[in-house]
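Each chain gets a letter, A, B and so on, in the order the sequences are listed, and its residues count up from 1. In this text, all values refer to a predicted model and were calculated from it rather than measured experimentally.
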Amino acid sequence: MKYEFTNIEKKWQKRWMDEKPFAAVTGDTTKPKFFGLVEFPYPSGNGLHVGHARPYTAMDVVARKKRMDGYNVLFPMGYDAFGLPTENYAIKNHIHPAKVTEDNIVNFRNQLQMLGYSFDWDREINTTDPGYYKWTQWIFLQLYKNGLAYKTSMPVNWCTSCKCVLANEEVVDGGCERCGSPVIRKEKSQWMLRITKYAQRLINDLDEVDFIERVKTQQKNWIGRSTGAEVTFKSTAGDDIVVFTTRPDTLFGATYMVLSPEHEFVKKWMEAGLLKNADDVKAYQAAAAAKSDLERTELNKEKTGVCLDGVKGINPVNGKEIPIFISDYVLSTYGTGAIMAVPAHDERDWEFAKKFGCEIIEVVAGGENVQEAAFTAKDDTGIMVNSEHLNGLTVKEAIPVITKWLEEKGIGEAKVNYKLRDWVFSRQRYWGEPIPMIHCEKCGWQPLSEDQLPLLLPEVDSYEPTDDGESPISKITDWVNTTCPCCGGAAKRETDTMPQWAGSSWYFLRYMDAHNDSALASKEALDYWSPVDWYNGGMEHTTLHLLYSRFWHKFLYDIGVVPTKEPYAKRTSHGMILGEGGEKMSKSRGNVINPNDIVDEFGADTMRTYIMFIGDFEKAAAWSPNAVKGCKRFLDRVWNLCEKAEGGDEYSAVNESAIHKTIKKVSEDIEAMKFNTAIAALMALVNDFTANGCCRGDIRALLLMLSPFAPHMVEELWEMNGFAAETGKMACQQAWPVYDESKTVDATVEMAVQVLGKLRGTVMVPFDSEEAAVVEAALAVEKVAKAIEGKQIVKTILVKNKLVNLIVK
RNA sequence: GCCGGUGUGGUGGAAUGGUAGACACAGGAGACUUAAAAUCUCCAGAUAGCAAUAUCGUACCGGUUCAAGCCCGGUCACCGGCACCA
């Protein structure tokens, strides 16, 4: 019989749908649970990409193996369907985004099913479903009620093309993450989430989870913790200027101060008429404000600034009057928006001081002449000088001393700062969750009563974003106008919607109990399934989705909704699939591989096997059409081999050892995400079977090990060979084969023989041979004998069953 | 600049400090075939040699070790992240 993959795949996909062997059972205490999670897709009009197939296939392989290992497995799928591309498509084609979403989901679902993933389809979710976003809105209300959501006017990142604000995380190289258009600053009133309150816990709890190291580092860097001190400098205007510094030890070298152009005191002093060069200052402020983020970073080569004429700062450690500048190299959003400048020991300050002729005083000795270059060493290499009571100490020693001194004098205190900023949570777009808040002139912002949830998105005629930066919903006056939940008077609804990251910040919880109307998930389901045991996804989500969802989860933990501090016990990440030449796949390059084409030509099992075989799962890999053929060839060989399997339900003697070794290798490799070598081991086993012949028992083991990778073909062969009839179950419902360690070793082993570390030959010896026996055998090898001719063996080194190294003189 | 990561045949890639190149792809030779495709068998790092074999080989320089692709120090290149964060 021929291997007709198309019919076979359809047949088994239908049986899986009908018989539901992959259903997860909440509360099953007879088995350990395993929750394997992959990032749900944004259902774009382009359909599923091979980039999706890699992580999905990988976790499917893991999930299938875990079921065979006896776990109660939750492996779900859904759609993260709110977002701009759908909305833009809707605008362009005059179709309701909900309709676009629905069509795209149908397409995605078909593609996912076509690849034979073992999802529990009864738990499918969709973030745009009111039954789902009801709970997204509910979480927002809890955040609000707990003081973690607030509305404030602030300069925000504004995408000039999307006409929408962006979170800091969504700005890439000064442009919009999605469309690349320039991002400018715009003063707008926005809903914010206080993620900064969780900064320290988001760092600390990384120690408790099994995340790959680069994810941890990247999150830590993003949160950007730095320790130092806040120090108060008096000014001649009478105001106390607080600065943050990581180097309080260099305080005696602070020869000027710099404020950000937006600093409140600049405005204040200007209004008080204290600044003699007010026009210059104003001009500088205006110029800084007009710069986009992109320009501000591009222009960072040359420092600019204006010295305030009329106000001076006073260095609290020596009482010296020092000049105050404004410059845009000081950011209003970090620290206190003001710095003390120590040009002798900071590159930026040094550069600025040189340009503006400020005094440079060395306070840490050990570098070159500080008039020539800043000396920035922060360790024991520098010794304090010109610093009164700090003199003679190393930098490391001086920091705690000066910090304590500042605290005693009441002019400063130890302080920790983070680069992380609060999460800008509103978007002026249509296709998102409405923010369930009502504004009343009398009562201010009021949360919508929870029994009013979900607050449905109203129907609008046009989804076009407005030029004034308001959401399209703002034009629906009969939706906007409502009554105040507090006083009952006339009030208006919030018209901004939530960012795309909202729905994905808690979706894994919904899988645990996808149809619950009275809670985001039942306590029973949450207790049983939490946490996610293994979450695999892209590195690009490390500082966005992954951080946001950890934040929400910690909050839900704090209010007693979820049972664990951290949502994900383990996080891994896959490499990108590149086009044929190793370039990124893109429409413009014309190198995009459509999974449908591969499935049509070679079958889903080949697609799955190839995408797992393509290379190291964690690294980027280039697509190769020829290598796909190789995997098809492999499956064909398995088919031909298994079709004619006969006799012997035990392992055949000739293959037994190889089978045990392969079970061990494949089992370990799947757990370690080394899918490529797992498949290589299966290929090698098939090569052995081809050479040695094989019996039914041999085939049985092969099929079980291959089943996570090529499930359709395996089910068909399982049935053809009568295993299904014998067990009454499909291959995917069988127990994973076990290996016997003692049978993974051979009676005789080949050992390498080295002379002075150089390979001179090999010998076959009984397993676990002693040194003397190995050496004797080694000496019988002609090349070895030649290599030691005329010399004496002074030492031998034996690595059991591996090699012997003869040291000669 | 800072933080991660990577560098191995013609190609994708294997190698708990222990026989470098598993497993594939592409290539070559052969078998089957009227022929092609498919399939099967064999060869295959480089250099020299008819060959046995020898020498050299994991980006580069050095070190540790009986033994280094792997560990240590330095250099270069590429990829990813962050970036005037005081």
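Side chains of A:Glu618 and A:His574: no donor on one and acceptor on the other come within 3.5 Å.
The main-chain N or O of A:Lys303 is found under 3.5 Å from a side-chain atom of A:Lys355 such that the two form a donor-acceptor pair. Under a 3.5 Å cut-off, the side chain of A:Asn801 and the backbone N or O of A:Asp768 do form a donor-acceptor pair. For the pair A:Glu39 (side chain) and A:Gly538 (backbone), a donor-acceptor distance under 3.5 Å is present. Listed for the A:Asn221 side chain is no donor-acceptor partner under 3.5 Å among the backbone atoms of A:Lys216. With hydrogens and angles disregarded, a donor-acceptor distance shorter than 3.5 Å links the side chain of A:Asn591 to the backbone of A:Lys584.
Here the CE atom belonging to A:Met705 is positioned 9.5 Å from the CD1 atom belonging to A:Ile670, to the nearest 0.5 angstrom.
If you check B:rA20, B:rC3, B:rA22 against the side chain of A:Ala680, the one that comes closest is B:rA22. Side-chain proximity of A:Asn687 to B:rC23, B:rC3, B:rC25: nearest is B:rC23. Distances were taken from every side-chain heavy atom of A:Lys303 (C-beta onward) to each of B:rC84, B:rU55, B:rA67; the shortest belongs to B:rC84. Candidate nucleotides B:rA86, B:rU19, B:rC84 were compared by shortest atom distance to the side chain of A:Thr762, and B:rU19 ranks first. Of the candidate nucleotides B:rA22, B:rC56, B:rA26, B:rC56 has the atom lying nearest to any side-chain atom of A:Lys758. For A:Ile797, whose side chain is taken as the heavy atoms from C-beta onward, the closest listed nucleotide among B:rU19, B:rG18, B:rC40 is B:rG18. Set against B:rA86, B:rA22, B:rA54, the side chain of A:Arg760 has B:rA54 as its closest nucleotide.
In this structure, A:His541 atom NE2 and B:rG81 atom P are separated by 13 Å, rounded to whole Å. Taking atom CG of A:Leu759 as the reference point, atom P of B:rA67 lies 15 Å away to the nearest angstrom. Computed from coordinates, the A:Asn221 CG to B:rG4 P distance equals 8 Å when rounded to whole Å. In this structure, A:Met683 atom CE and B:rC25 atom C1' are separated by 10 Å, rounded to whole Å. Rounded to an integer number of Å, the gap from CZ of A:Arg214 to C1' of B:rG5 is 8 Å. One interatomic measurement links the two molecules: OH of A:Tyr329 to C1' of B:rA83, which rounds to 16 Å at whole-angstrom precision. The CG atom of A:Leu756 sits 14 Å away from the C1' atom of B:rU65 (whole-angstrom rounding). Distance A:Tyr418 OH to B:rA86 P: 13 Å, rounded to the nearest Å.
Comparing B:rC66 with B:rA77, their C1' atoms sit 34 Å apart, to the nearest whole Å. Rounded to whole Å, the C1' atom of B:rA83 lies 41 Å from the corresponding atom of B:rA20. Remark: the separation of the P atoms in B:rA46 and B:rU33 is 34 Å, to the nearest Å. Remark: the separation of the P atoms in B:rG74 and B:rA24 is 41 Å, to the nearest Å. As rounded to the nearest Å, B:rU16 and B:rG27 have C1' atoms that lie 35 Å from one another. Comparing the P positions of B:rG69 and B:rG62 gives a spacing of 15 Å, expressed to the nearest Å. Comparing the C1' positions of B:rC32 and B:rA38 gives a spacing of 11 Å, expressed to the nearest Å. For B:rC60 and B:rA68, the C1' atoms lie 16 Å apart once the distance is rounded to whole Å.
In summary, A:Lys795 and A:Glu771 do not engage in a salt bridge, as defined by a charged side-chain N under 4.0 Å from a carboxylate O. Checked for salt-bridge contact, A:Lys664 and A:Glu741 meet the test: a charged N lies under 4.0 Å from a carboxylate O. Salt bridge present: A:Asp746 and A:Lys661 bring a charged side-chain N and a carboxylate O closer than 4.0 Å.
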Watson-Crick and G-U pairing of RNA chain B, under 3.5 Å, as dot-bracket with | and [ ]:
(((((((..(((.....[....))).(((((.......))))).((((....))))..(((((..]....))))))))))))....
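Judged by distance alone with a 3.5 Å cut-off, a donor-acceptor contact links the side chain of A:Asn805 to the base of B:rC66. For A:Lys419 against B:rC82, no side-chain N or O and base N or O form a donor-acceptor pair under 3.5 Å.
Among the heavy atoms of the strands lying under 4.0 Å from A:Gln754 is at least one base atom, whether or not backbone atoms are also near. Here A:Ser226 lies in heavy-atom contact (under 4.0 Å) with sugar-phosphate atoms only. Note on A:Glu213: nothing from the nucleic acid sits closer than 4.0 angstrom, heavy atoms only. As judged by a 4.0 angstrom heavy-atom cut-off over every strand, A:Gly630 is placed among residues touching the sugar-phosphate backbone only. Counting any heavy atom pair closer than 4.0 Å across all strands shown, A:Lys220 reaches no nucleic acid atom.
Toward the 5′ end of RNA chain B lies the nearest nucleotide of A:Leu803, the other residue of the pair A:Asp349 and A:Leu803 mapping further downstream. The nearest heavy atom of RNA chain B to A:Ala627 and to A:Ile339 marks one nucleotide each, and the one closer to the 5' end goes with A:Ala627.
For the pair A:Lys632 and A:Phe602, the cation-pi test (distance below 6.0 Å, angle within 45°) is failed.
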Under 3.5 Å between N/O atoms: give me all the protein pairs with nucleotides 12-14 of chain B, atom names plus distance.
from, atom 1, to, atom 2, distance (Å)
B:rG12, O2', A:Ile614, O, 2.9
B:rG13, O3', A:Asn676, ND2, 3.4
B:rA14, OP1, A:Asn676, ND2, 2.9

Determine, stepwise, if the pair A:Phe356 / A:Phe325 fulfils ring-ring contact (aromatic ring centres under 6.0 Å, His included).
CA-CA 10 Å; A:Phe356 290 91; A:Phe325 290 80; 5.4 Å; yes
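Checking the phosphate oxygens (OP1, OP2) of B:rC40, a side-chain nitrogen or oxygen of A:Arg637 falls inside 4.0 Å. In this model, the phosphate group of B:rA26 is approached by a side-chain N or O of A:Arg633 to a distance below 4.0 Å at OP1 or OP2. Note on A:Thr690: every side-chain N or O is 4.0 Å or more away from OP1 and OP2 of B:rC40.
Relative orientation of the A:Trp639 and A:Tyr3 rings is parallel, given thresholds of 30° and 60° on the angle between their planes.
Its glycosidic angle being within 90° of 0, B:rG9 falls on the syn side.
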